[in-house]
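Excluded from the calculations below are hydrogen atoms, water molecules and symmetry mates; all remaining heavy atoms, backbone and side chain alike, are included. Proteins get letters first, then strands, A, B, ... in listed order; numbering begins at 1 in each. Bear in mind the structure is a predicted one, so any value in this text is a computation, not a measurement.
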Amino acid sequence: MRKYLNQYRKLFLGLFIVGMFTGGCKKFIEVDPPVTAITDGNVYDNDGSAISALMGIYTSMSNERFSGKLSFYSELSADNLTLLNLSAAEISYYQNSLLPTDQREPYKPWLEIYPQLYRVNAAIEGLTEATRVTSTVKQNLLGQAYFLRAFFYCYLTNFYGEVPLALTKDYAVNNSLTKSSVENVYNQIVSDLQKAQELSSKDYVMGDMIRTFTAANAQRVTPNYYAVKALQARVYLYQKKWADADAAASEVINNTSLYKSDIPLKNVFLKNSTETIWGLQPIAVNNNSTEADFFTLRSGDPNPTSPMSHYLSDDLMNTFQTGDQRKVQWTAIINTNGKDYPYAAKYKALSNTDFVEQSILMRLGEQYLIRAEARIQNNNISSGIADLNVLRDRATDKNEQNQSKRLKLLETNLSKEQALTALNYERRVELFTEVAHRWFDLKRSGNINAVMTPATASKGGTWSEYKSLYPIPVSEIQNNSKLTQNTGYPN
Amino acid sequence: MASAKYKISTVLTAVSCPLESSRMLLQPNTKQMYNLQYVNGIPKRLYQKIWFIMRLTTVILIACLMQVSAAGLAQKITLNERNAPLSTVLKEIRKQSGYDIFFDGKSLPQSQKVTVVVNGVSVADALDQAFKGLSLTYKIDGNTIAVKQKESAKSALEVQEKRADVTGRVTNSKGEPLPGATVLVKGSKIGAVSESDGRFRITGAPENGTLIITMIGYISKEFPYRSGSPAIIILTEADQTLKEIVIAYGTVKEKYSTSNAVSVSGDVISRQAVSNPLIALQGRSTGLYIRQNSGLNTAPIDITVQGKNSLRNGNEPFYVIDGVPFISTSLGGLGVPSVSGTIGNSSGVSNLNYINPNEIESITILKDADATAIYGSRAANGAILITTKKGKAGQTRASFNMQSGWGKVGKFQKLLNTDQYIALKKEVYANANQPLPESMVDATGVWDVNRNVDWQKEILGGTSQFQNLQSSISGGSERTQFLAGVTYIRETPVYHGDFSNVKASVNFNVNHASNNQKFKFFLSGSYLDGKNVLPNQDPTSDIRLAPNFPDLVNPDGTINWAPVPGIFPVQSTSDNPAAKLKTTYTNKAGNLIANSNLSYEIISGLTLRSSFGYNNLSNYESSFRPFAVISAQSKINGVKPSANYSTKRISSWIAEPQLAYSKSFSFGNIDALLGTTFQSTDNYLLSESGTNYASDLQLGDLNAAGTKAVSGSVQAQYNYAAVFGRLNYRLKDKYIINLAARRDGSSRFGSENLFNSFYSIGGAWIFSDEPVMKNVIPFLNYGKIRASYGTSGNDQIRDYSFYSLYAPPFGISNPYLGVAALNPTGLSNPYLQWEETKKLNLGIDLGFLDNAILFTGNYFRNRSSNQLLAQNLSQVTGFPTIDRNLPALVQNKGWELSVQYSPFKKTAFTWEGSFNITLPENKLLRYDGLETSSDRYTLKIGESISGVNVYSYSGVNTQTGLYEFYTAKGELTSNPNELTDKFAFFTTDPKYYGGFNNTFAYKRFSLDVFFTFTNRLVADLKYASVPGATRNRNDLAAVLDYWKKPGDMATVQRVTVESSVYENPYRAMTQSDGIYKNARYARLNNAMLSYSFDSELIKRSKMSYARIYVQGQNLFVISNYKTGDPEVGTLLNIGLLRTYSIGAQFTF
């Protein structure tokens, strides 16, 4: 008996040894993430990686040429560009013949913006729950994230109308969203901007998201309080909330220590000019704005067999009033095969030259135009015209002695209709080839059919009203059956 | 306890049945008998008598009482002895009866007290009374009484007391000595191990008894012996059916196996002149498909066990070397390239290349769930167990093996000669109504039109060399054995240049058992140091250089960069292959594998053991572009030498504590195993690039580079834990059931699905052992049916794929606001899980005519579900896809048949052979959402997963001269629609494959001939190029069968440089079923002729074994496929080499 006991004791010992190893099993196989990457679980756990994640958004906007593509393809859809190569993939933008199924189309803002929105939503979720991020850092980053969400939805709804409103990073939710009404999207934008306004720093922040730049040395590459105000002004204007737009734009214009319009035209697009409210820093050494790469015609351009086959439309060139220095300073001419081709020259520095320019997403000139429009619409015509004259004054060549060759300031006693016509002129020549302003202006002015019917015909296409909205890529509807195609487009 | 009983009973049998045993032994018909007679030179009857006498002498008769009573023979005995010594009683009986009593003084217990009270009884009765209760018996013969121990009750004491030396010799059936056989005296722990000449000596053995002789690969044997008579023991080689094969966590006799597993001996592997042991497995096992992509042994090879199970993830089998899992695929799996442009295949070098084929004892391929379920989540693609050679007890042996080989490209293509080439160039321009442009210097006469070079001979015409030197020393006692070996392998490719693949390795192992054999210890280690210098790219594609292309190298040895100055200076390496050969790739590798095993028998049958393993595979890769490969023009532009470097390390450890229980009961045999696994693997990779070196001499030093950059970085950890168990029950050695289960946890899977369970059930019935079967089919000596069903998993997905990771973007040189950016890399899915394969296997094993014919048949059906696939998402989610387990179902089913035969086994001429064939079928059964998935272009329900949608080729239109295809509506067109007309489907999966091996031996000669064969679709290389369309590129001669005029029936469409004419039909052709040919090919994979020297001859030189051989690898291919090597099937990689080698093997 004793012997048996002894044997069982040994058996139990054996089982115990084996059993000991089985404990802690779960812990053993739960490995930490690799040092070469950070998980979404801990990226907003400290200042460093939280800032890096937000900078990742700007970095990829810069890297993916967000600004240049936005400016170029929206202008192709509108009436400021002429395309020579009618077999290029760009033709469907140019002739307003976009198709949801076309795989060749090089630019679908939907597919560029929603991935950014995922990052923004992840940032908002992560920062809201973050407990270990310094409060100033958290406040600045969160403010920027809300701003970015508003900014992206503003573009989405203006390109596509009703869009799904993704506000979380949960793919299961986002993959089965229905489209939200334009009104709801705007409500969300306004609400996000309200939060951004409360959180954002008035001065431009440095990379540590704590210190701020002085006005003179500001790197205007992250949105500050005034960028929020500027976007608010734009959104209120689009919503026709004239008084709100006026007030928001005024806040920006009145901060003359940061923003000044009295600079030479040629300096407007220099990096961190006093005109800049928010710009995108290039992320490669000696790179400049992506707009310069898209619009500048080089020797031999426009080439009828290459994508670089566009130039500024006659319609735009003929619009410039006599003496408008914006035609002289912001466009240029290249002579190819004996013919003069004008091109946008707001940005002049190409990539791989010294870094002097960066893409500007929001600038002071637009704020004057917003306030002018808001005031004219609000029947405060003379102060509206005063704002327009600020820009016209800058576009006047003060050295031109011949007054008839000088751009004249507007009379302050214009009728509302005259004032609005003057405003339309100012918006077109001030904002051409910039971040989709022309395309959106056409849409919201209600003139789009009148303008685009002949314009598209002259481009070789046919205009229909439904084309003022871009089609939703067909793969999006295939992968989320709750999405519906914009009216007019085949599915 | 039971074991103790067993020991006693064996002692009893050993002592009690010598006669029966000897009678059995002396069956006149047995071979053993023959040998005994032969060896001793004594006639049978005489021998029998001597044997009998000898047996009697073991009971030494001593005449104790020699007095003969004069009192006459009183027949009645009267005794009244109470508690008197036995001897006194016997003396009294002698006195009264007058009989002489003989007894063995030792066997008679002198002190034994007996009580005998009889009155006037017979002698017999008196003796009966006296011996009552004692283990003594007697025999009355005339007036002599012989007293002896009752046979069945001789005390162990007595056996132990008589000690003698037993000597003998162990040989095989051919009379060749068998060293290393274990010879044990039955029922004792006394034993010895046979020496190199097969002889053994056991000292202190009982004078007679039974020897148990065991040796791996031979049938164990019991042999009764008497001291003084040398035991000549002939072991017969184990039947295939009784051989032990290695399985997961143990071994099993093939006869009792319930699995579909195939074992290949190390001899078969080291016999072939290849440095990657996997290549040597080709054609050796059913269900194992191996295809070489390149004639370079270092290149990765396609290997699948019973087909591809996974749609998107790894289909590699699970490799285990002596219990340590081995990662077979080169690192870089996290999407970070290592050094690019690696030769042979972009995925680099096969890690199995770092295993030395000479060190392998056997390789077992586990296929069905019964064999693999115990490996759980890792073995859905089958498992390949590599067992290395171990030390054997016996006299210290040293063995040497030397082999030298030479190889050439097996088959050259037929290319156009210069005349044909120029004529074709001229024709393609004429057909397009275009003048021959000035830049076509190959045809315009700028290059010598009389020059005709076969670039195959220039580029691939060299001779490869293969050297294999191996030595090992082994030996030990029955308690401690060791082995240590050194190997050197060097092979060179056929390219001209200083290229080689060198591997040197050392290995050792030690086995030790405690005195009582309860505690056992094993330690082994091997380290391989490899250096592989190869061109950065395979120059094979350059055999298509124009046949009149000028010399590649100038007389001064520099590369000829300007064959036609002024017209088009050659700038890229694609124009001059000499540059490719000067762009070198070096891979220095170190592979350490160590493992140890401790085991302790806690109680009889129950063993606690634990294995620990460690593997560290490190690679240092570099790739150089020296000045020599930079063209003159580029030099002017300031291009300087550059280099890429990559440091890789995979290190992993594993610990597996286990409890094993094994016991025979009256109700059957039970084998049980319970264990746990802990495994951890670390991956590390750092890739860097350096440019703008000032000089070639500094290329190895990154620090000397003008510009440095990191191009890749991986640090990944993979942890793995499991509990597993197996229960095997065998009843009457006929009915076997095997249950296995495993619960696995892996760090590769999401937090919601860390663990999963796998199981299998297998059974076998050896129906041939049913008595009725012996009568029904007398020529069937072995028959077994098997069935198994179970699950196993595939966890070959990327590490951390369930994490939503943020990683720094590449190429940012001006960080945003000076801050390094982080971007999310994908959506996380915490539910990610392994793919699961449910395997069904039905098998039959039959042995006929004393196993002269052994047949094995298997039917398998494996269904893999839970496929890890990308589910397409709306980009509103931020990403286009998410990894998910989808219920897509892939089925692999098929038949595996193999026959082994040995028609001449016991004569001077022997012939043994085997044939195996596998008929696989791969099919996608289900894929929800295939229509919208990006997989819709490559997958089709009901078709193979390695297939592709293609156009249906009709032929060359006799009027237009263009390729024509069927549209979906059945019309013919040369310009089919990409979206609608790709309705045909085909796959390059093999229809069948197998191997055919024959070994003939006559006296000391042995010839081994091994064929492999395959039937699959292979691209016809004549469609690999547009004939005549590319400057400085030749075409296969087969393209000359092109369409020339209306009415022509041709296989190649009209030739022209007008791309608007040829391009669409040609592109469609390359995406059609027209270019694929059903290739059936058989390859003489290996042939070997060897001669082993006469034992007397070699004995004089103190050797125990000597053999020389000539060997040929890949000697020829019989095929209906005419363009190139049907196995490689591309012009981009070098074909398989034909290698001849000679070698010698000595053992001292």
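The part of A:Asn63 that comes within reach of chain B is its side chain, from C-beta onward, which places non-hydrogen atoms under 4.5 angstrom from that chain. When heavy atoms are compared at a cutoff of 4.5 Å, B:Leu873 approaches chain A by way of both its backbone and its side chain. Contacts of B:Phe879 with chain A are made by side-chain atoms alone, with heavy-atom separations under 4.5 Å and no backbone atom involved. In this structure, chain B has a heavy atom under 4.5 Å from the side chain of A:Phe213, while its backbone stays farther away.
A cation-pi arrangement is found for B:Arg649 relative to B:Tyr684, the charged atom lying closer than 6.0 Å to the ring centre and inside a 45° cone about the ring normal. Judged by the 6.0 Å and 45° rule, A:Arg65 forms no cation-pi pair with A:Tyr107.
Comparing A:Ala166, A:Pro164, A:Ala172, A:Ala284 by how many heavy-atom pairs each has under 4.5 Å with chain B, the most go to A:Ala284. Counting heavy-atom pairs under 4.5 Å between each of A:Asn175, A:Leu54, A:Val163, A:Asn480 and chain B puts A:Asn175 at the top. The candidate with the highest count of non-hydrogen atom pairs below 4.5 Å against chain A, out of B:Ile812, B:Leu827, B:Thr825, B:Thr877, is B:Thr877. Annotation: maximal heavy-atom pairing with chain A below 4.5 Å, among B:Pro815, B:Ala821, B:Pro808, occurs at B:Ala821. The most heavy-atom pairs under 4.5 Å with chain B, out of A:Thr222, A:Thr59, A:Thr168, A:Val205, come from A:Thr59.
Using cut-offs of 30° and 60° on the angle between ring planes, the pair B:Tyr600 and B:Phe519 is tilted.
A donor atom on one side chain and an acceptor atom on the other are not found under 3.5 Å apart for B:Ser651 and B:Asp682.
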